[in-house]
Amino acid sequence: MRRKTTIIAGVIAALAAGLFAVGMVRATDSAAKSGGPGPVVKIHRGEQCVEDTGYMRRNHMKVILHQRDKTMHQGIRTAKHSLKNCVDCHADPVTGSVLGQDGFCASCHEYASVKIDCFSCHTDKADKAALATLPPPKPATGVKP
Amino acid sequence: MSLNRREFIAIGGAAAAATALAPGLRLVELAQARSPDEAVTSLQRWGLLVDIGKCHDCDACVTACHEENGIQSHGRPATDAQWIRKVTLKDKQTGYVQTLPVMCQHCEHPPCVDVCPTGASFKRADGIVLVDKHICIGCRYCMMACPYKARSFVHEKTTEQKPHAPRGMGTVESCTLCVHRVDAGKIPACVEACNKDGNQAMVFGDLKDPNSAITKQLASAPSTQLRPDLNLNTGVRYRGI
Ligand code: SF4
Ligand code: SF4
């Protein structure tokens, strides 16, 4: 019995050490890119978001929620704060999506371990018709949120 | 444009009188030119008229609807979502067969809205009945309440949704009268397809505009609601049943 407990404890310790090592590698990986741990969010299009970057970092979900109810119930379809507009502008030019490994939405939400519900109904892909009216994508610039 | 509209709302009755004087010009303009930042109002009520005499063995409307809204079949007809379907009527006495498209009838007094426990099922000011899937809990009361079997439950995980038509597992959905197109001043996909590839059996328009094609047609010949006995005052009307 005693022996068994020791083995289990050993296995747990080994696992924990392994996880720690993996974490370190990931952290140094992104730290190398941006000078500290955390995700690197890739920006492909446009000079400026619809609101200040700092404001969007804190309040993007409130902005989308407000617009959601206005669109759904009152038929107000201004592009500025619509989820569709976010996706069209922020979708990766290669995958066409805001999800996936380096996806604009996914990279931050995965790091913060926040589950996004939006895309269980809304498409995560940019609207091809809308893309034609947007400025062309540039090589990605990485910013740290 | 928006100024005209605000003025119109503000002066209410006077505006209605003015409309009568200047044969509906302003109303038609308003109906087509709502800007994206203006809320829908009850100055309009959108409706459909389907002439069954012209509707034959064709499913252009069904194909167009499901293409427009990204509805995919999983090869399970019993549970696949259906926003519009062709129904066949046969007169047992004479053997005469008719077909008609049936979709959400956009009732003025919608039972689906009455029973919804969360407020997800609702009627917009302009008469379009929708499900706010953000607050739908998937209880399916509305499916039970709808006399026209117009609603579907999404059983499967959804993929390849259209950007303008979000749809997701665990929620109820039905014909939106192509609300995204109507809001952009366009006609529903089924009506467009019926006029282009079908038998020109469908008319879409504003039931409150005395000069719209649909109002004129409804005023000039008989038409009926499905199950008029229920007094739901449906936005979809049929002729020739
Ligand atoms: S037809 Fe059914 S789903 Fe449509 S408004 Fe009427 S009751 Fe609701
Ligand atoms: S299924 Fe959704 S829309 Fe229908 S009654 Fe329940 S909560 Fe309301």
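Here is the naming used below: chain letters follow the sequence lines, and residue numbers restart at 1 for every chain. Just so we're clear, the structure is a prediction, and the values are computed from it rather than from any experiment. Heavy atoms only: backbone and side chains are in, while hydrogens, waters and symmetry mates are out.
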Other residues, nucleotides, ligands: >12 heavy atoms within 6.0 Å of A:Met61 CE | yes
In chain order, what residues pass the ring pair (Phe, Tyr, Trp, His ring centres under 6.0 Å) check against B:Phe153, with sequence neighbours excluded?
-> B:His155
So, are B:Glu192 and B:Lys186 salt-bridged, with charged N and O less than 4.0 Å apart?
-> no
Taken in chain and number order and not counting sequence neighbours, the residues that satisfy side chain to side chain contact (heavy atoms under 4.5 Å, CB included) with B:Lys162 are B:Glu67, B:His164, B:Ala165
Verify, without hydrogens or angle tests, whether A:Asp92 (side chain) and A:Val94 (backbone) share a donor-acceptor contact under 3.5 angstrom.
-> yes
Side chains of A:Met56 and A:Val50: closer than 4.5 Å at any heavy-atom pair?
-> yes
Side-chain contact, heavy-atom cut-off 4.5 Å: B:Ile84 with B:Cys175?
-> no
Hey, which of A:Ala130, A:Cys118, A:Cys121, A:Ser120 has the most heavy atom pairs under 4.5 Å with chain B?
-> A:Cys121
Sort out for me which of A:Lys70, A:Lys125, A:His122 touches chain B most, counting heavy-atom pairs under 4.5 Å.
-> A:His122
Please determine, among B:Glu160, B:Lys133, B:Lys157, B:Arg167, the option with the most heavy-atom pairs under 4.5 Å with chain A.
-> B:Arg167
Evaluate side chain to side chain contact (heavy atoms under 4.5 Å, CB included) for B:Leu43 paired with B:Lys208, printing each intermediate quantity in order.
-> CA-CA 7 Å; B:Leu43 289 177; B:Lys208 288 192 175 169; over 6 Å; no
In sequence, state the C-alpha distance, the side-chain angles, and the governing distance for B:Met103 and B:Cys65, and then conclude on side chain to side chain contact (heavy atoms under 4.5 Å, CB included).
-> CA-CA 10 Å; B:Met103 70 295 276; B:Cys65 169; over 6 Å; no
Listed by residue number, which members of residues 71-90 of chain A have a heavy atom under 4.5 Å from any heavy atom of chain B?
-> A:Met72, A:His73, A:Gln74, A:Gly75, A:Ile76, A:Arg77, A:Thr78, A:Lys84
Within residues 122-132 of chain B, contacts to chain A at heavy-atom distances under 4.5 Å involve B:Phe122, B:Arg124, B:Leu130, B:Val131, B:Asp132
Would you kindly say whether B:Ser212 and B:Asp206 are connected by a side-chain donor-acceptor distance under 3.5 Å?
-> no
For residues B:Asp209 and B:Thr215, is any side-chain donor paired with an opposing acceptor at under 3.5 Å?
-> no
